[in-house]
Amino acid sequence: NITCQQCHMPDGDHRLRGLSDEEWTSQFLTAKLVNKDGVFEYVFTSVGNGHKLPARVGAKVDLVIEGLNSNGKVVQSNIYVIQWKLNNDFTEEVEDTRLDPGQSATVSLQPKSSVKTIRAYTRVDEDYFYNKINEYKKRTVIPSMWKPKDRPYKAPIEMFEQKIEL
């Protein structure tokens with residue numbers, strides 16, 4: 001068996017590597033944009049990780065496929081969300097769309113006639129849940145009492161972008 005540290009901290013590197021590290025993540029995930037008889041599919045597969053993806057509550061992965069017009073403007077889009085979602089007081093699981101090792105998720109798009117380019121990408125938000133709670137606290141807690149956590153939250157990042165011109 002491989003330990004968490006052997007995988008997430010290879011060669012004694014004490015930087016915890018996770019979903020937001022595209023170079024590292026590409027060893028364990030594949031993303032392919034394919035045309036199947038005019039319907040475009042963005043297929044995201046967990047190929048070598050040892051646990052569900054994402055592994056923890058709080059992270060969210062969006063599979064995004066967009067149709068762009070000749071000016072590059074999004075005129076059509078679909079999103080498939082991969083996450084482990086709990087209710088607001090953390091007592092019940094609301095949804096679990098995480099991927100098991102070897103499992104795939106697909107988002108598709110049948111483009112309108114105005115679409116000239118298909119763009120697909122993966123948006124990773126490792127701090128999705130914490131950002132959501134942070135925004136809630138800003139709105140509901142007395143401002144002088146609200147203190148964000150010491151480190152900045154990670155912003156969502158896009159990776160595995162692919163395009164097909166029509």
Peer 1: Indicate whether the side chain of Tyr42 and that of Thr122 have a donor and an acceptor atom separated by less than 3.5 Å.
Peer 2: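 The answer is yes; a qualifying pair exists.
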Peer 1: Ignoring hydrogens, what is the shortest heavy-atom contact between Leu109 and Gly67? Give both atom names and the distance.
Peer 2: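 That closest heavy-atom pairing would be CD2-N, 3.6 Å.
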Peer 1: Which pair of non-hydrogen atoms, one from Pro111 and one from Gln76, has the smallest distance, and what is that distance?
Peer 2: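 Of all heavy-atom pairs spanning Pro111 and Gln76, the closest is CA-OE1, 3.4 Å.
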Peer 1: Please report the shortest heavy-atom distance between Phe28 and Asn49, naming the atom on each side.
Peer 2: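 Reported closest heavy-atom pair: CD2-N, 3.9 Å.
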Peer 1: Under a 3.5 Å distance rule, please check whether Asp62 uses its side chain to pair with a backbone N or O of Val64 as donor and acceptor.
Peer 2: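 Here the side-chain-to-backbone pair does not exist.
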Peer 1: Nearest 0.5 angstrom please: Glu22 CD to Glu158 CD, how far?
Peer 2: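 Reported to 0.5 Å precision, the distance equals 10.5 Å.
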Peer 1: Are any non-hydrogen side-chain atoms of Phe40 and Leu166 less than 4.5 angstrom apart?
Peer 2: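 Yes, side chains in contact.
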Peer 1: Testing the basics here: between Thr106 and Glu41, what is the closest heavy-atom pair and its distance to 0.1 Å?
Peer 2: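 Heavy-atom minimum between the residues: CG2-CB, 3.9 Å.
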Peer 1: Count I, L, V, M, F, W, Y as connected when their side-chain heavy atoms are under 4.5 Å apart, and connections chain through other members. Are Val75 and Ile164 then in the same cluster?
Peer 2: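 Per the 4.5 Å side-chain linkage, Val75 and Ile164 are co-clustered.
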Peer 1: Between Gln162 (side chain) and Leu33 (backbone), is there a donor-acceptor pair under 3.5 Å?
Peer 2: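 Yes, because the side chain of Gln162 sits within donor-acceptor range (under 3.5 Å) of the backbone of Leu33.
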Peer 1: Start with the C-alpha distance between Leu68 and Val115, add both sets of side-chain angles, then the distance that settles side-chain contact (heavy atoms from CB on, under 4.5 Å), and finish with yes or no.
Peer 2: CA-CA 5 Å; Leu68 311 176; Val115 170; 5.9 Å; no
Peer 1: Between Thr45 (side chain only) and Thr30 (backbone N and O only), is there a donor and an acceptor less than 3.5 Å apart?
Peer 2: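 It does not hold such a pair.
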Peer 1: What's the verdict on side-chain contact (heavy atoms from CB on, under 4.5 Å) for Trp84 and Glu95, showing C-alpha distance, side-chain angles and the deciding distance?
Peer 2: CA-CA 6 Å; Trp84 187 17; Glu95 183 178 30; over 6 Å; no
Peer 1: Got a donor-acceptor contact below 3.5 angstrom from the Ser104 side chain to the Val43 backbone?
Peer 2: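 Not at all, since once roles are kept as given, no pair shorter than 3.5 Å links the two residues.
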Peer 1: With rounding to the nearest 0.5 Å, note down the distance linking CD1 in Ile118 to OG in Ser77.
Peer 2: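 These two atoms lie 11.0 Å from each other.
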Peer 1: If we ignore angles and hydrogens, is there a donor and acceptor under 3.5 Å between the side chains of Thr117 and Glu165?
Peer 2: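 A pair is found: one side chain offers a donor N or O, the other an acceptor, under 3.5 Å apart.
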Peer 1: In terms of hydrophobic clustering (I, L, V, M, F, W, Y; side-chain heavy atoms under 4.5 Å; direct or indirect links), are Val57 and Val81 co-clustered?
Peer 2: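 Not linked; separate clusters.
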Peer 1: For the residue pair Phe44 and Leu53, what are the closest heavy atoms and their distance?
Peer 2: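 Shortest heavy-atom separation between Phe44 and Leu53 comes out as CE2-CD2, 3.6 Å.
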Peer 1: Measure the spacing between CZ of Arg98 and OG of Ser46 and express it to the nearest 0.5 Å.
Peer 2: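 Nearest 0.5 Å value for the CZ-OG distance: 11.5 Å.
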Peer 1: Quick one: OG on Ser114 to CG on Asn71, what's the gap to the nearest 0.5 Å?
Peer 2: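 Spacing of OG (Ser114) from CG (Asn71) equals 10.5 Å.
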Peer 1: Hey, does the side chain of Gln103 reach the backbone of Val47 with a donor-acceptor pair shorter than 3.5 angstrom?
Peer 2: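 Not confirmed, Gln103 side chain does not pair with Val47 backbone.
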Peer 1: Can you get from Tyr121 to Tyr80 by hopping between Ile, Leu, Val, Met, Phe, Trp and Tyr side chains that sit under 4.5 Å apart?
Peer 2: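 Tyr121 does not cluster with Tyr80.
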Peer 1: I'd like to know if Lys60 and Asp125 make a salt bridge, using a cut-off of under 4.0 Å between side-chain N and carboxylate O.
Peer 2: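 Result for this pair is no, no salt bridge flagged.
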Peer 1: How many angstroms lie between atom CG of Leu29 and atom CZ of Phe160, to the nearest 0.5 angstrom?
Peer 2: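 Here the rounded value is 5.5 Å.
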Peer 1: Working to the nearest 0.5 Å, report the span between OH of Tyr128 and NZ of Lys85.
Peer 2: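 Separation between the atoms: 6.0 Å.
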Peer 1: Which atom pair, heavy atoms only, marks the closest approach of Pro101 to Lys52?
Peer 2: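 So the minimum-distance heavy-atom pair works out to CD-N, 4.4 Å.
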Peer 1: So Met159 and Val124, side-chain contact (heavy atoms from CB on, under 4.5 Å) or not? Walk me through it.
Peer 2: CA-CA 8 Å; Met159 57 177 61; Val124 174; 4.0 Å; yes
Peer 1: For the hydrophobic clusters of this structure (ILVMFWY residues joined by side-chain heavy atoms under 4.5 Å, transitively), does one cluster hold both Val39 and Val107?
Peer 2: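 Cluster IDs for Val39 and Val107 differ.
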